[in-house]
Asker: 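Dropping the structure in here first, questions after.
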Amino acid sequence: MFVLNETNVFRVCCTPVDMRQGILRLSQLVRRNDFNPSDGVVYVFYNRARNRIKLLHWERCGKRESKFLYNP
């Protein structure tokens with residue numbers, strides 16, 4: 001699991017995303033917007049109701065990680 005702190009760079013997707021999508025599908029969304037998912041940035045996705053977010057982050061060792069957060 002990765003650690004979030006003030007040194008992380010965050011990019012937020014401006015359109016809602018289906019939360020059933022996995023790491024590979026979210027990576028494709030990142031690439032479609034001309035970004036590189038393995039650049040160390042934390043990509044933030046949210047659902048239509050805006051009550052859940054999903055974070056996508058690639059560690060330097062090549063390990064993909066995603067994290068779910070719920071905000072009731």
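Reckoned from all heavy atoms, side chains included, excluding hydrogens, waters and symmetry mates.
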Asker: Are the side chain of Asn5 and the backbone of Thr7 linked by a donor-acceptor contact shorter than 3.5 Å?
Answerer: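 Indeed, once roles are kept as given, a pair shorter than 3.5 Å links the two residues.
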Asker: Atom NZ in Lys54, atom CG in Asp18: separation rounded to 0.5 Å?
Answerer: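 Result: 8.5 Å between the selected atoms.
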Asker: Using every non-hydrogen atom in the two residues, find where Tyr46 and Met19 come nearest and quote the distance to one decimal.
Answerer: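 Of all heavy-atom pairs spanning Tyr46 and Met19, the closest is C-CE, 3.5 Å.
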Asker: I need the minimum non-hydrogen distance between Leu4 and Asn8, along with the two atoms involved.
Answerer: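 In this case the closest contact between Leu4 and Asn8 is CA-OD1, 3.4 Å.
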Asker: Are any non-hydrogen side-chain atoms of Arg31 and Pro37 less than 4.5 angstrom apart?
Answerer: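 They are in side-chain contact.
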Asker: Mind checking the CG-CD spacing from Leu29 to Gln21? Nearest 0.5 Å is all I need.
Answerer: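 Here the rounded value is 5.5 Å.
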Asker: Would you say Phe45 and Leu26 make side-chain contact, with heavy atoms under 4.5 Å?
Answerer: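 Phe45 vs Leu26: side chains touch.
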Asker: Can you tell me how far apart CG (Asn33) and SG (Cys14) are? Round to the nearest 0.5 Å.
Answerer: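 Between atom CG of Asn33 and atom SG of Cys14 there are 8.5 Å.
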Asker: Please report the closest heavy-atom contact between Val44 and Phe10, naming both atoms and the distance.
Answerer: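 Answer, listing the atom of Val44 first, then Phe10: CG2-CD2, 4.1 Å.
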Asker: Please name the pair of heavy atoms, one in Val41 and one in His57, separated by the smallest distance, quoted to 0.1 Å.
Answerer: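 Of all heavy-atom pairs spanning Val41 and His57, the closest is O-ND1, 3.6 Å.
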Asker: Can you tell me how far the OG1 atom of Thr15 sits from the CZ atom of Arg48, to the nearest 0.5 Å?
Answerer: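 Here the interatomic distance stands at 10.5 Å.
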